[in-house]
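The next block holds one structure in the form of structure tokens; read it before the comments.
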2 protein chains.
Amino acid sequence: MDNNAMPIRNTNQRQLIFDYLKRTLTHPTAEQIFQQMRKELPSISFGTVYRNLDILEKQGLISTIIYSKEHVRYHSGTMNHSHFVCSVCDRIEDLEVDDLSELKNQISRRYKLKISKHNLIFYGLCPACQKVYK
Amino acid sequence: MDNNAMPIRNTNQRQLIFDYLKRTLTHPTAEQIFQQMRKELPSISFGTVYRNLDILEKQGLISTIIYSKEHVRYHSGTMNHSHFVCSVCDRIEDLEVDDLSELKNQISRRYKLKISKHNLIFYGLCPACQKVYK
DNA sequence: CTACCTGCAAACTTTTTGCAGCCCA
DNA sequence: TGGGCTGCAAAAAGTTTGCAGGTAG
């Protein structure tokens with residue numbers, strides 16, 4: 001979990017995964033990354049893929065797009081506000097944010113998209129956890 | 001999957017779930033909703049909870065906050081752009097969006113948060129799928 | 001009455017983890 | 001050489017689904 005203090009080695013597997021993500025434009029899933037890696041390194045395992053994706057993300061070399069189910073939270077009403085998730089205590093806070101319809105319209109037009117909804121989440125430390133963690 | 005054309009009944013289970021979501025402020029997970037419902041209706045099952053959450057969401061009565069793993073997609077680099085997910089073909093497109101640092105600063109200050117990253121996703125129909133689905 | 005809904009349990013999907021051996025620094 | 005890293009496989013976590021009976025409208 002905590003890779004902060006840990007030295008990190010540069011393995012062939014990790015390099016291959018990173019190279020693939022740098023050259024692809026498809027935003028692959030872990031499954032798709034695993035399949036691609038098997039072509040280049042038939043003995044690679046799923047565990048290795050997941051472990052390296054975590055490490056690469058912690059190093060800030062890649063990032064994740066969370067776009068679909070699991071670890072979903074529910075609330076009533078339509079989503080006309082955004083959310084903050086505390087990385088430590090996992091609490092979710094509602095945020096009153098200036099509405100993004102301006103931005104949404106702009107993007108719809110520019111990319112010719114039909115946008116039905118959006119999801120804006122900020123991650124970080126809540127006031128209480130900021131005190132505890134220095 | 002497609003509840004659009006289906007008449008929807010008003011069952012006790014569904015009403016209890018909706019009532020709970022209306023009065024709670026905690027953004028519960030499906031698991032937490034299930035545990036709460038068991039207090040009010042000990043025989044309720046997980047399947048019923050999930051099915052009703054889907055229905056309530058399709059009706060627009062509740063909404064979901066997707067904030068953590070699974071169905072994650074990866075890409076290289078740090079996330080300085082936002083994404084669009086097509087609900088039909090599942091393709092993910094990068095969007096060049098005016099940066100949100102202004103908004104981020106404003107929110108940090110107002111809510112006393114330490115924000116380390118954000119995730120902005122728009123959902124809808126991509127140009128190709130708009131043609132197919134009328 | 002009809003067909004949507006429920007509880008139950010099994011199946012599925014995706015991710016995590018323990019372990020013994022490997023190999024990068 | 002040491003300790004992070006790997007492949008393998010089993011386990012865990014979370015969600016979906018088939019079925020037979022229940023119930024709202």
Side-chain angles (χ1 to χ4, degrees), chain A residues 1-20 27-59 61-74 85 90 92, chain B residues 1-20 27-59 61-74 85 90 92:
Chain A
M1 286 284 125
D2 181 25
N3 283 66
N4 288 333
M6 239 178 263
I8 294 181
R9 289 184 184 167
N10 194 12
T11 67
N12 187 36
Q13 285 85 340
R14 180 135 67 241
Q15 190 63 53
L16 287 174
I17 291 171
F18 186 43
D19 287 345
Y20 173 55
H27 305 87
T29 62
E31 164 77 29
Q32 291 166 334
I33 293 168
F34 172 66
Q35 294 302 340
Q36 176 62 34
M37 287 306 100
R38 281 227 291 197
K39 293 182 193 165
E40 308 179 22
L41 195 70
S43 65
I44 201 171
S45 73
F46 237 121
T48 297
V49 169
Y50 276 112
R51 280 183 286 227
N52 279 312
L53 288 170
D54 282 350
I55 291 173
L56 288 168
E57 188 180 8
K58 287 207 179 71
Q59 290 180 288
L61 294 171
I62 66 170
S63 50
T64 59
I65 308 166
I66 297 154
Y67 78 107
S68 179
K69 315 210 119 183
E70 185 169 322
H71 284 177
V72 171
R73 302 276 201 110
Y74 299 86
V85 179
D90 214 46
I92 295 186
Chain B
M1 285 282 126
D2 180 24
N3 282 67
N4 287 332
M6 238 178 266
I8 294 181
R9 289 186 183 165
N10 194 11
T11 67
N12 187 35
Q13 286 84 341
R14 181 134 68 241
Q15 190 63 55
L16 286 173
I17 291 171
F18 186 45
D19 287 346
Y20 173 56
H27 306 87
T29 62
E31 164 76 30
Q32 290 166 335
I33 293 168
F34 172 66
Q35 294 303 341
Q36 176 62 36
M37 286 307 99
R38 281 227 292 196
K39 293 181 193 164
E40 308 178 21
L41 195 70
S43 64
I44 201 171
S45 73
F46 238 121
T48 297
V49 169
Y50 277 113
R51 281 183 287 226
N52 279 312
L53 288 170
D54 283 349
I55 291 173
L56 288 168
E57 188 180 9
K58 288 208 179 70
Q59 291 180 289
L61 294 172
I62 67 170
S63 51
T64 58
I65 308 166
I66 296 154
Y67 80 106
S68 179
K69 314 213 123 183
E70 183 167 321
H71 284 179
V72 171
R73 302 276 201 110
Y74 299 86
V85 179
D90 215 45
I92 295 186

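Reckoned from all heavy atoms, side chains included, excluding hydrogens, waters and symmetry mates. What you see is a predicted model, and the numbers here were worked out from it, not measured in a lab. Just so we're on the same page: letters track the sequence lines, and every chain starts at 1.
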Residue B/Arg14, side-chain heavy atoms: nucleotide from D/dT6, C/dG7, C/dC5 that is nearest: C/dC5
Can you check the A/Asp54 CG to D/dC5 P distance for me, whole Å? 12 Å
Counting C-beta onward and ignoring hydrogens, is there a side-chain heavy-atom pair between B/Arg14 and B/Ile17 closer than 4.5 Å? no
Please evaluate residues A/Gln32 and A/Gln36 with respect to the criterion side-chain hydrogen bond (donor to acceptor under 3.5 Å, both in side chains), reporting the C-alpha separation (whole Å), side-chain torsions for both, the decisive distance (0.1 Å), and the verdict. CA-CA 6 Å; A/Gln32 291 166 334; A/Gln36 176 62 34; over 6 Å; no
Hey, does B/Leu16 have a side-chain heavy atom less than 4.5 Å from the side chain of B/Gln13? no
Generate the contact string for nucleotides 19-25 of chain C. Rules: B means base contact, S means sugar-phosphate contact only, - means no protein heavy atom under 4.0 Å. ----BBS
Using atom NZ of A/Lys58 as one end and atom P of D/dG4 as the other, report the distance to the nearest whole Å. 15 Å
From C/dT16, D/dT15, C/dG7, pick the nucleotide closest to the side chain of B/Ser43? C/dG7
Figure out the CD1/C1' separation between B/Ile55 and C/dT6, and round it to whole Å. 11 Å
How is B/Gln13 classified with respect to the nucleic acid when contacts are heavy atoms under 4.0 Å: base, sugar-phosphate, or nothing? sugar-phosphate
With rounding to the nearest 0.5 angstrom, report the OG to CE distance, A/Ser45 to A/Met37. 13.0 Å
Can you name the residues that form a side chain to side chain contact (heavy atoms under 4.5 Å, CB included) with A/Gln15, not counting sequence neighbours? A/Asn10, A/Phe18, A/Asp19
Between D/dC5 atom P and A/Gln15 atom CD, what is the distance in whole Å? 14 Å
Expressed as a whole number of angstroms, how long is the span from B/Tyr50:OH to C/dT6:C1'? 17 Å
Donor-acceptor pair between B/Gln35 and B/Glu31 side chains, under 3.5 angstrom: yes
Measure CD/A/Gln32 against P/C/dT13 and give the value in whole Å, please. 15 Å
Under 4.0 Å between a side-chain N or O of A/Ser45 and OP1 or OP2 of D/dT6? no
Once you round it to whole Å, what is the distance between P of C/dG7 and CD1 of B/Ile44? 5 Å
When rounded to whole Å, the CZ to P distance for the pair B/Phe34 and D/dT15 reads 13 Å
Residue pair A/Val49/B/Phe46 against DNA chain D: nearer the 5' end by closest nucleotide is A/Val49
Can you confirm whether B/Thr48 sits close enough to B/Arg51 that some side-chain heavy atom of one is under 4.5 Å from a side-chain heavy atom of the other? yes
